[in-house]
Amino acid sequence: MGMFAALPVALALPVDALQVKVTPSKPDLGDTLSVIINLENAGNGSNPTVTNGEKTYPAFEIAPNQYRAFVPTTPLERAGNRTLRVSGDGQEESLSVQVSDRTFPVQRINLPSGKAGVDATEYELKRVAAFKALITPEKYWNGAFVKPNGGRVSTIYGVRRYYNGKFAKDYYHRGVDYAGAEGSPVVAPAAGRVALVGRVSQGFRIHGNVVGIDHGQGVTSIFMHLSRINVKEGDMVQAGQVIGAVGSTGAATGPHLHWGLYVNGQSVDPTPWRTPGVE
């Protein structure tokens, strides 16, 4: 009789097979949302996914029965509620995440009448777009990213601009600029595979001499305006390894390093990846 009496208790307290946690707990625009998914019964042959609006992001295994997906946010989005739909192990769960607004600096730039801007080449655009779209299953980085150059930060992420009094609604500064001296070393902020090497001589008019590192799982770094390149495509690099030197090639008015960090194809703020780091 005692055995039958215990059955309703066991059925009334099922184990939740899909557990989800999102960090940071109070994200701002430009932050990367890290979605950690714990599955009770992983191993059905397919990884979980996370859907935000019309976009679906892959999750990768980071520990036994534990997966992680990254959801990028940018200054071009509206602050407010995000509904994340997490699917895995035959289940689906919806989470509400509040993304706060953030005040980004504004620059006003006046261009002389009739001044022609430098146009990127089709080859340049295709190579860079293909690089930013990389989603490699392997995770190469470990821990917080390091500063790629010793210079001071001259332009932060997310700066908005007015050109000749007109607001550029689709523009924001997609990275962090370091005012390093000409020829000063540029190092990899984290481990990864060199997936892009481009030079002015190949038609990289905007980016200048450029290196792109694939850190894995949808995370990529791009380094622009270099005076020297020390690596080749396919090289594996470690955090702190010299990959080039600061320059002013491409669309640059003076020597500086532009470091852009992309997550699933979107430019995010690199700063949280350095302090305290995103895992």
Original post:
Taking Asn38 for the side chain and Val20 for the main chain, is one N or O donor matched with an acceptor at less than 3.5 Å?
Top reply: no
Original post:
So, the side chain of Arg193 versus the backbone of Asp235: is there a donor-acceptor pair under 3.5 Å, distance only?
Top reply: no
Original post:
When you look at Gln217 and Arg68, which way does the side chain to side chain donor-acceptor pair (under 3.5 Å) test go after all the steps?
Top reply: CA-CA 9 Å; Gln217 299 187 347; Arg68 192 230 19 255; 2.4 Å; yes
Original post:
So how far is it from Thr249 OG1 to Ile206 CD1, rounded to the nearest 0.5 Å?
Top reply: 11.5 Å
Original post:
Looking at side-chain heavy atoms only, is the closest gap between Met236 and Tyr140 below 4.5 Å?
Top reply: yes
Original post:
Is a donor on one side and an acceptor on the other found under 3.5 Å between the side chain of Thr74 and the backbone of Leu76?
Top reply: yes
Original post:
Between Asp269 and Arg102, is the closest basic N to carboxylate O distance under 4.0 Å?
Top reply: yes
Subject >> Donor-acceptor under 3.5 Å (Gln266 side chain, Val263 main chain) >> reply: no
Original post:
Going from CZ on Arg228 to OG on Ser184, what distance comes out if it is rounded to the nearest 0.5 angstrom?
Top reply: 9.0 Å
Original post:
Looking only at side chains, do Ser227 and Asn209 share a donor and an acceptor under 3.5 Å apart?
Top reply: no
**OP:** Please answer whether the main-chain N or O of Gly203 pairs with a side-chain N or O of Thr121 as donor and acceptor at a distance below 3.5 Å.
**Re:** yes
Original post:
For Thr73 and Asp31, what are the C-alpha separation, side-chain angles and deciding distance, and is it a side chain to side chain donor-acceptor pair (under 3.5 Å)?
Top reply: CA-CA 6 Å; Thr73 70; Asp31 283 345; over 6 Å; no
**OP:** Please step through ring-ring contact (aromatic ring centres under 6.0 Å, His included) for the pair His207 and His258, ending with a clear verdict.
**Re:** CA-CA 9 Å; His207 296 76; His258 175 94; 8.5 Å; no
Original post:
Is it the case that Thr56 and Thr51 place a side-chain donor and acceptor less than 3.5 Å from each other?
Top reply: yes
Original post:
Does a salt bridge link Arg199 with Glu124, judged by any charged N lying under 4.0 Å from a carboxylate O?
Top reply: no
Subject >> Closest approach of Trp141 to His215 (non-hydrogen atoms, all atoms of both residues) >> reply: CE3-O, 3.2 Å
**OP:** Look up atom CG in Asn149 and atom NZ in Lys147, then write down how far apart they are to the nearest 0.5 Å.
**Re:** 7.5 Å
Original post:
Under the ring-ring contact (aromatic ring centres under 6.0 Å, His included) test, which residues partner Phe70, sequence neighbours left out?
Top reply: Trp273
Subject >> Phe104/His173 aromatic ring centres below 6.0 Å >> reply: no
Original post:
Step by step, would you call Glu77 with Arg82 a salt bridge (charged side-chain N to carboxylate O under 4.0 Å, His left out)?
Top reply: CA-CA 11 Å; Glu77 300 173 14; Arg82 303 286 192 281; 2.8 Å; yes
**OP:** With side chain to side chain donor-acceptor pair (under 3.5 Å) as the test, would you mind laying out the steps for Thr136 and Asp214 before giving the verdict?
**Re:** CA-CA 8 Å; Thr136 306; Asp214 176 14; 2.5 Å; yes
Subject >> Donor-acceptor pair, side chain of Lys55 and main chain of Tyr57, under 3.5 angstrom >> reply: no
Original post:
Is the Tyr157 to Tyr172 ring centre distance short of 6.0 Å?
Top reply: yes
Subject >> Separation between CZ of Phe223 and OH of Tyr178, rounded to the nearest 0.5 Å >> reply: 9.5 Å
Subject >> Plane angle bin for His225 and His256 - parallel if under 30°, tilted between 30 and 60°, otherwise perpendicular >> reply: tilted
Original post:
Can you tell me how far the CG atom of Asn52 sits from the CG atom of Asn264, to the nearest 0.5 Å?
Top reply: 11.5 Å
Original post:
Is there a donor-acceptor contact under 3.5 Å from the side chain of Asp177 to the main chain of Thr155?
Top reply: no
